[in-house]
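Whatever order the structure lists ligands and atoms in, that order sets their numbers, starting from 1.
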Amino acid sequence: MVSGIDRENEAMQRAAQLRQELAQHNHRYYVLDDPLISDAEYDALFAELVKLEQEFPLLATPESPTQRVGGAPLAAFGAVRHAVPMLSLNNAFDDEDIEAFDKRVRDGLEAGAEVEYACELKLDGLAVSLRYEGGRFVRAATRGDGQTGEDITANIRTIRSIPLTLAGPVPEVLEVRGEVLLFRKDFERLNDAQREAGEKVFINPRNAAAGSLRQLDPRITARRPLRFFAYGWGEIRGGLPGAAPASVDAPPFGTHMGMLDWLQELGMPVNRERQLAKGAAGLLDFYRRVEGLRASLPYDIDGVVYKVDAIEAQRRLGYVSRAPRFAIAHKFAAEEATTELLDIEVQVGRTGAITPVARLKPVFVGGVTVTNATLHNEDEIERKDVRIGDTVVVRRAGDVIPEVVTPVLDKRPAGARKFVMPTHCPVCGSAIERPEDESIARCTGGLFCAAQRKQALWHAAQRRALDIEGLGEKLIDQLVERGRVHTLADLYTLTEEELAGLERMGEKSARNLVEAISATRTPPLGRFLFALGIRHVGESTARDLARHFGNLDAVMNATETELLAVPDVGPVVAASIHRFFAEPHNRQVVADLLRNGVTPGTETVVDRTAGPIGGKIFVLTGTLPTLTREEAADLIRAAGGKVTGSVSKKTHYVVAGADAGSKLAKAQELGIAVLDEDGLKALLQS
Ligand code: IVH
């Protein structure tokens, strides 16, 4: 029989082992983003530990991962006095500010050569200080006024990327400083859940992170997926084994970068976007690089931070009032701003899609003045509860179309009005309809609607379609508004005299345009089909249709079943094509085009199932010795193959030339056949 003591001993050993394993898996998941086991396996280990700790309550330790679910609510936060104050950074906004900063640093250090800086992201979250004693997490505090912060230990314990014990020999006291934040997608998920529960929504991820950290009930914080990145240190006391006692003035690292690497080795999450740079030019290069990266980062940043790398030099430069002389924050243009929502109007797209657009009081955001922002669709307005008259948060990230993120409910005026989708198109007066299972409302006017007509013409004229040089938006507007052009076919009856009479058109440009239009009378069949603007028929589907059916008549008269035989054409696309050509108005437009001398080409019908590469998927990468990529793609398509842009498990061949990059690597990783140009030619001839 096993004695109680034996069982308890065994349980203790198993619990210790589970804790260590779970800590490792947390680290791999949250810090390295490279999990070793599935979520289910993790949950099973976790459940085993919970069970052991329930059976033997004395086994539970504060460092146990089970403690991350959050303890009992607090009555209030205690105060924590920072042994080393938490300061802030001075801000810089332009290149000159950075040159001046670098000059101050060089002067201060009497540096002969260029100074080396550690460059980091300026994370848009909240600064916190984490205290480890004997390598164990004991306390966490907010920045507060820099001298005294709030004790948020119970909340910080719930953040899974923060190690509860450090992995390695550390000084007796080590305070790690960094930023707590929420990833953007976690923020959006959180707000959706808040809305659903009828709770308050947060304005931005930073706000949500702050709200989560200031929860008196740590069980709520535990459900918020907060993240942490370390970028500095506070108090340091006591020696590392076998070394002289460390202190704030004599830390166990000589450079800022060295400190970050050390913290990372101890298991702390440290942001990977960090690098050394020399002189002002190096700093500005970093700034530009991060600017380009910003939109693709999963979290918000509001700039970058430069810190003199050598700790000894930092010490010599010291502080002015409450900010270090050795560091500076170089800020980006804010991507979000609040402004007033003056009205909501609707815009009509090429296929009649009605998009509600917010008219805004002009606001400077993302580096430009914004007056309009998209609200996507009716459901989105409802979901976000945006009303006319609201103060709203507007976001413009990179080149993305500005959007309304959320109303600021605290500022909602008494007279704020709900948006009502108009029943009729503001442009043509036709009914607006919204199929029950769709989120998009549409104007039913079709090409009767001037808004749709303009965009249909614009679509047809673009380079990827008929490529009519010189037919711009302004000109299309005039032609449609004067009632001269109703359909694509009317373009081919325009005369020089007529055009010369339009605004901003001289005789010469009129002649050029008539010639340019005329030059598009024999388009390849694929481009012609694309130009018609059939819903769901993009460039590549149009090309596939052309190859499959060979001539216009065959496409126009194809049944839905016949259309389904085209590669990548599914039921929705087949139905849309069939509907388009069943519509008498559309058949008339095609007939008029033919009558006006437009004759789309024909194609040799390819039986894609026959031949060595029929239906096979190719990806081209790098520079081939004799063929351009387009030529190679045409050869492949002509033989019934398909060319796509990215390598996946579905890819059959990757054709690689000189300087092939990640696509080739991916192909090798997935074990996909790789050909050079000769290999491709041989395959085509076989
Ligand atoms: S260092 C003595 N590094 O910016 C300087 N701060 O204005 C201590 N922040 O309160 C801060 N990213 O909340 C530093 N890589 C970074 C940072 C960073 C964001 C925040 C932090 C601090 C504020 C300073």
*Quick one: sort the Y299 and F183 rings into parallel, tilted or perpendicular, breaks at 30° and 60°.*
tilted
*Centres of the F326 and F101 rings: under 6.0 Å?*
no
*Do NZ/NE/NH1/NH2 and the carboxylate oxygens of D385 and R387 come within less than 4.0 Å?*
yes
_Under 4.0 Å to a heavy atom of V305 - the qualifying atoms of ligand 1, by number_ = 15 (N), 16 (C), 17 (C)
*asked:* A quick test of your reading: do over 12 heavy atoms of other residues, nucleotides or ligands sit less than 6.0 Å from CD of E41?
replied: yes
*Have Q314 and R325 got a donor and an acceptor in their side chains that come within less than 3.5 Å?*
no
*Do the ring centers of Y287 and F332 come within less than 6.0 Å of each other?*
yes
_Nitrogen or oxygen atoms of G125 and ligand 1 under 3.5 Å apart_ = no
*Write out the residue and atom name of the closest protein heavy atom to atom 12 (N) of ligand 1, then the distance separating them to 0.1 Å.*
L123 N, 3.1 Å
*What residue and heavy atom of the protein are closest to atom 13 (O) of ligand 1, and at what distance?*
E179 OE1, 2.8 Å
*asked:* Students should be able to answer this: which protein heavy-atom is nearest to atom 10 (O) of ligand 1, and at what distance?
replied: A127 CB, 3.7 Å
_I'd like to check whether S88 has a polar contact with ligand 1, where a contact means an N/O of the residue lying under 3.5 Å from an N/O of the ligand._
no
*Using a 4.0 Å heavy-atom threshold (strictly under), name the region of K307 that reaches ligand 1: side chain, backbone, both or neither.*
side chain
*L87 N/O to ligand 1 N/O under 3.5 Å*: no
*Could you say whether the N/O atoms of L89 and ligand 1 ever approach to under 3.5 Å?*
yes
_Less than 4.5 Å apart, side chain to side chain, heavy atoms only: is that true for R395 and P402?_
no
*asked:* If we set the cut-off at 4.0 Å for heavy atoms, which region of N91 has an atom near ligand 1: side chain, backbone, both, or neither?
replied: neither
*Give the residue, atom name and distance (to 0.1 Å) of the protein heavy atom nearest atom 11 (C) of ligand 1.*
Y231 CE1, 3.9 Å
*What do we get for K122 next to ligand 1 when only non-hydrogen atoms under 4.0 Å count, side chain, backbone, both or neither?*
both
_I'd like to know if N271 contacts ligand 1, where contact means a heavy-atom distance under 4.0 Å to any ligand atom._
no
*asked:* Just by distance, no angles: are the side chains of R177 and S129 close enough, under 3.5 Å, to form a donor-acceptor pair?
replied: yes
*Electrostatic pair D300-R206, nearest N-O below 4.0 angstrom*: no
*asked:* Counting only heavy atoms not in R288 (residues, nucleotides, ligands), do more than 12 fall under 6.0 Å from its CZ?
replied: yes
*asked:* Could you tell me, atom by atom, which parts of ligand 1 come under 4.0 Å of a heavy atom of P324?
replied: 2 (C)
*Which ligand 1 atoms, with their elements, are less than 4.0 angstrom from a heavy-atom of E120?*
3 (N), 15 (N), 16 (C)
